[in-house]
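Here the structure is laid out as structure tokens; the discussion comes afterwards.
Letters A, B, ... mirror the listed sequences (proteins, then strands); counts begin at 1.
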2 protein chains.
Amino acid sequence: MNAPDKFQQLLTLTREPFPASRKGYIQGSRPDLRVPVRDVTLTNDEVVSLYDTSGPYTDPDAPIDVRQGLPTVREGWIDERGDTERYAGRIAHILDDGGKHEKRDLPRIEQLRREAAGLQRQPRRARGGVGGGNVTQMHYARKGIVTPEMEYIALRENGRREWIAAYLNDESRERRLAGNPLGASMAQRITPEFVRDEVARGRAVIPANINHPEIEPMVIGRNFLVKINANIGNSAVTSSIEEEVEKLVWSIRWGADTVMDLSTGKNIHTTRDWIIRNSPVPIGTVPIYQALEKVGGIAEDLTWEIFRDTLIEQAEQGVDYFTIHAGVRLPFIHLTVPRRTGIVSRGGSIMAKWCIAHHKESFLYTHFEDICDIMKAYDVAFSLGDGLRPGSCADANDEAQFAELRTLGELTQIAWKHDVQTMIEGPGHVPMHLIQANMDEQLKHCGEAPFYTLGPLTIDVSPGYDHIASAIGAAMIGWMGTAMLCYVTPKEHLGLPDRNDVKQGMIAYKIAAHAADVAKGHPGARARDDALSQARFEFRWYDQFNLSLDPDTAREFHDETLPRESSKSAHFCSMCGPKFCSMKITQEVRDFAAAKGLSEADALQAGMAEKSRQFQAGGGQVYIPIQKNG
Amino acid sequence: MNAPDKFQQLLTLTREPFPASRKGYIQGSRPDLRVPVRDVTLTNDEVVSLYDTSGPYTDPDAPIDVRQGLPTVREGWIDERGDTERYAGRIAHILDDGGKHEKRDLPRIEQLRREAAGLQRQPRRARGGVGGGNVTQMHYARKGIVTPEMEYIALRENGRREWIAAYLNDESRERRLAGNPLGASMAQRITPEFVRDEVARGRAVIPANINHPEIEPMVIGRNFLVKINANIGNSAVTSSIEEEVEKLVWSIRWGADTVMDLSTGKNIHTTRDWIIRNSPVPIGTVPIYQALEKVGGIAEDLTWEIFRDTLIEQAEQGVDYFTIHAGVRLPFIHLTVPRRTGIVSRGGSIMAKWCIAHHKESFLYTHFEDICDIMKAYDVAFSLGDGLRPGSCADANDEAQFAELRTLGELTQIAWKHDVQTMIEGPGHVPMHLIQANMDEQLKHCGEAPFYTLGPLTIDVSPGYDHIASAIGAAMIGWMGTAMLCYVTPKEHLGLPDRNDVKQGMIAYKIAAHAADVAKGHPGARARDDALSQARFEFRWYDQFNLSLDPDTAREFHDETLPRESSKSAHFCSMCGPKFCSMKITQEVRDFAAAKGLSEADALQAGMAEKSRQFQAGGGQVYIPIQKNG
């Protein structure tokens, strides 16, 4: 089957809207500022509006051609600012897609590039170029400018507050359930000015490369909804471009707020063109992976020049944030020797090997300000990598990890000096009782720059289920203040995630992120739970399915026990059966109170008296002769 | 296929030992006191010994005939105490298995009972009978008697400390990872006297009905390993006896420490015979369920006499703990009216309906001391039910819930006055930031009686994945001091769990319980993580699989990406591929330090110098012409 057909087939799987859902838009202050939401219509005609990361793919009216890429949401805004210029751009090299054996690979690469021809764009950069201009959202924010991106984000974080208000209408309940933000400053209503201020002080990041105008802007920060990243990418061992784009569309369908392309094999450059041009969410990469491919996988052959060229290459394509392991410093490497599992970060070990080979300080560290110059010319955000993160609970919170974290704090100050947006990556494997210390140290040393953690996994003995072991740590650290959670799939430590693994990882992390939002008391986070609980209590089965994180699975599980259509409106479930249902009894108590229109307590007294009479009449016959024993 | 064959077929599925595992025994102070463990032999001939709940089923040498029941572990100990008597016992009634339509059901019931003939035992009770004797473990403990059950438990909680010691040999690491018990008193080594003391003060429960001599004794208490309960049971809607026994064997295979039989349909009595006689773990029930069946499902027809008779019936069969919803008091019921989801506990709503119908205080509350008399004559432990637990996050920690909890505290004092073992059931649905308050209130009002919680679920929007949403809450509250976690399966709120759902729920809860043990700093809990991490670091793939909570799935996932046998010993994985592996680089750094026999820091310096030379020789050719761009 040729590629286009394959795409059609794959995309039909992921383009169908969720049940009872349609794409809605919140209109901003200008015609070209429309924030997408997923409006779910319930069987009682209520409309519940949900944050929507799925992009145009779930809009049946949106024409999609993966060979041309998505429409550009931000083009006009970037043009208006008038501080960027189009330019020829770096000359693509065969090696960008290559690995070493150029001759043999030539036909494949040519073919790939022909297919990707429709995705080529002339790059933009800041007027004045690298070392000259600065087009970061942080730069604007600090100049007091509220960008359309910031307004977009404010509308997106608020969502449609009307339906939410309907569920948060009981003061005593709201007092009881008011979250515990643990030091976060959750605003009751997010204003564009609030977004600007958070970005200006470095507490929030808006990943938005000027060469990625297709994104629907989103924010990563402690005082906003907790976000989720999904990793995709081919590897030396397996996978194809088609699969990678499909994985992208599949992960944003299930709620990925950003996606990292961790490709390490061949076709890296072209794969990235396909992913970025078709992605409505910010894309992150680990540039050292491609740089390593360019030197045939020999870490010690890496040079600053090769790395720098790779940063430019990827910045021109539109990557929104770079993971840079500049905290893996020469003097820290020996700290990993006594560890149970040494260095487990791929980027970290690449740099460790380079430092050892040359007995020199890392070029990422020594050239950090040169990197800042590149970041600000395209507005690429830093995701300062934790190359020395623990790979087992036994290594959690050790000196190697915290020495690197303190260094990431220093680097954050340097990045901010250049108005470059920055977030900090965190572990990894951490037992529950050591999680708080990770958040405390990060807040203490990194000036509240957004924390972006991988889990953490709370135990090591759950291969095959690490999405669960890590969702526990992710929910806790999300509550404590982590701004974005990097998902873990069931295949972690064992293999490469397939389509279903990606979904399982996404759902586990949506659970963790939502649990954190509810605990922090994000205004309105809990309304969806209330809407679903209300539906559950009223036996509106379809509404219960459609409000859940995975409507298909919820319905499928219900069908396994009670497949008949009738049971979808039945006032009972398989747990207690038709003869008896606790929810029904509660309803009886309540209906009675309502009917009498008395105060609850009085109603109940009256109710008891009346029901008492009524049931005595019915009389409770006892069916067995009581045996008196012991 | 007739029943016996079906059993053979079912049991072959669940009787095969785990890979590389064999049943071992820790010998106690007397020949008939042997504590089972699962000894896993690693590829480096190390033997890792694990807590084993699977009973004789995973011992290939143990002859098993589900129609005769398991061998009795405790018979001799009970006899020796000489404080019990055999007696005729209550006369079984057709209605015990019946529901209302006795005539029609007669043949079926007769047939069932014939099949279960080999499982009938003459019951025991305390000398002096109900209201006379007292044979509870708490009664012995308070008289200063250390029972064989207590010694058994001490050996079981310690496990084989030799292999554990090998992993906990790094003082600086142990200091860093020492758990945070949050007020628990974890002993470094559990002695029989420690167990006695914990039971005497009510801080631990040993569910061990004198009519259930088949159990391998276990303890439920804050200062021991966190335990897990699995629920099974047929319902009005579906399922058969064979399936129930198989579900029992299946859940203990995956680590269930106790099992609750929540059967609500027909054949309740006989199903229970089959489950108890074939169970090496304590069995809990909710007697009000069977009592309700006896009155044809009409809650208001329940009477103290029917309920009392049901308690005797089940105590004689050997049920180890009863869930009794004596805290659902008349004055509390109206507190549920303003709730989002009212009363969701089945037992709680049965009693609420009864109270309303008769406008009377609950007979469970008014007859509580009569119930205590029954409990102590058989040593059945109380599990005081939380009939008013929240059914949604919106109802968490409300007045109805806490009013009941305070009442459970009063009842605990009454039970303890009778030396009756008691634990307290807890929610339910609770957002993360309200979980600590549940533990605090329970400790404050219930005198440290073991807390036994259902999850809690931290959000409501995850039907189909509630095992994950609740594992988050379970891990947290387990760390805070909950002694036993009642599992939740993916089918929660949607349907009845099948074989795979039971397994998924069990694994999620093993993760939560183990995460809690590690965080509390249970001595040795972390050793299994260290053993697996070590295997992972050394690319001992089979050891990694075999030490995991689910070896089959771990291996299967690895095979999906790298099926070849060779890759099981390969020093790389599918994440980075053969060309590059971070674990290998760490090993290089370490090997070098070791070889030189220098201090780590020195070794590294030297290593850098040498590697530096060596790699310069190799020379790092750069493959691309660098383009200088803006």
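Among A396(B), A531(B), A377(B), the residue with the largest count of heavy-atom pairs under 4.5 Å with chain A is A396(B). Of the residues considered (T553(B), D530(B), T458(B), N180(B)), D530(B) shows the highest number of contacts with chain A, using heavy-atom pairs under 4.5 Å. Heavy-atom pairs under 4.5 Å with chain B were tallied for R526(A), M476(A), E556(A); the largest tally goes to M476(A). The candidate with the highest count of non-hydrogen atom pairs below 4.5 Å against chain B, out of A88(A), A475(A), S462(A), P431(A), is A475(A). If you tally non-hydrogen atom pairs under 4.5 Å between each of G179(A), A508(A), A516(A) and chain B, the highest count goes to G179(A). Contact count against chain A (heavy-atom pairs under 4.5 Å) is highest for V461(B) among I374(B), V461(B), L182(B), I472(B).
If you measure heavy-atom distances from R173(A) to chain B, the contacts under 4.5 Å come from the side chain alone. Of the two parts of I511(A), the backbone and the side chain both hold a non-hydrogen atom closer than 4.5 Å to a non-hydrogen atom of chain B. F545(B) touches chain A through its side chain: at least one heavy atom from C-beta onward sits under 4.5 Å away, while N, CA, C and O do not. In this structure, chain A has heavy atoms under 4.5 Å from both the backbone and the side chain of I459(B). In this structure, chain A has heavy atoms under 4.5 Å from both the backbone and the side chain of A554(B). Heavy-atom distances place both the backbone and the side chain of L549(A) under 4.5 Å from chain B. In this structure, chain B has a heavy atom under 4.5 Å from the side chain of I507(A), while its backbone stays farther away. Of the two parts of D398(B), the backbone and the side chain both hold a non-hydrogen atom closer than 4.5 Å to a non-hydrogen atom of chain A.
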(request) Test R346(B) against L292(B) for side-chain contact (heavy atoms from CB on, under 4.5 Å), laying out the working first. (result) CA-CA 11 Å; R346(B) 192 160 185 273; L292(B) 186 70; 4.0 Å; yes

(request) Tell me, with the steps shown, if L330(B) and H359(B) meet side-chain contact (heavy atoms from CB on, under 4.5 Å). (result) CA-CA 8 Å; L330(B) 179 61; H359(B) 195 190; 4.0 Å; yes

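Across every non-hydrogen atom of G129(B) and R125(B), the tightest pair is CA-CD, 3.9 Å.
Using a 4.0 Å cut-off between a side-chain N of Lys or Arg and a carboxylate O of Asp or Glu, R536(A) and D460(B) do not qualify as a salt bridge.
Side chain of H433(A) to backbone of L177(B): a donor-acceptor contact under 3.5 angstrom is found. Under a 3.5 Å cut-off, the side chain of H493(B) and the backbone N or O of G464(B) do not form any donor-acceptor pair.
Atom NZ of K353(B) is separated from atom CD1 of I333(B) by 12.5 Å, given to the nearest 0.5 angstrom.
Applying the side chain to side chain donor-acceptor pair (under 3.5 Å) test to D395(B) and every residue at least two apart in sequence or in another chain returns T341(B), S392(B). Take D170(A) and apply the side chain to side chain donor-acceptor pair (under 3.5 Å) test, not counting sequence neighbours, and it matches S172(A).
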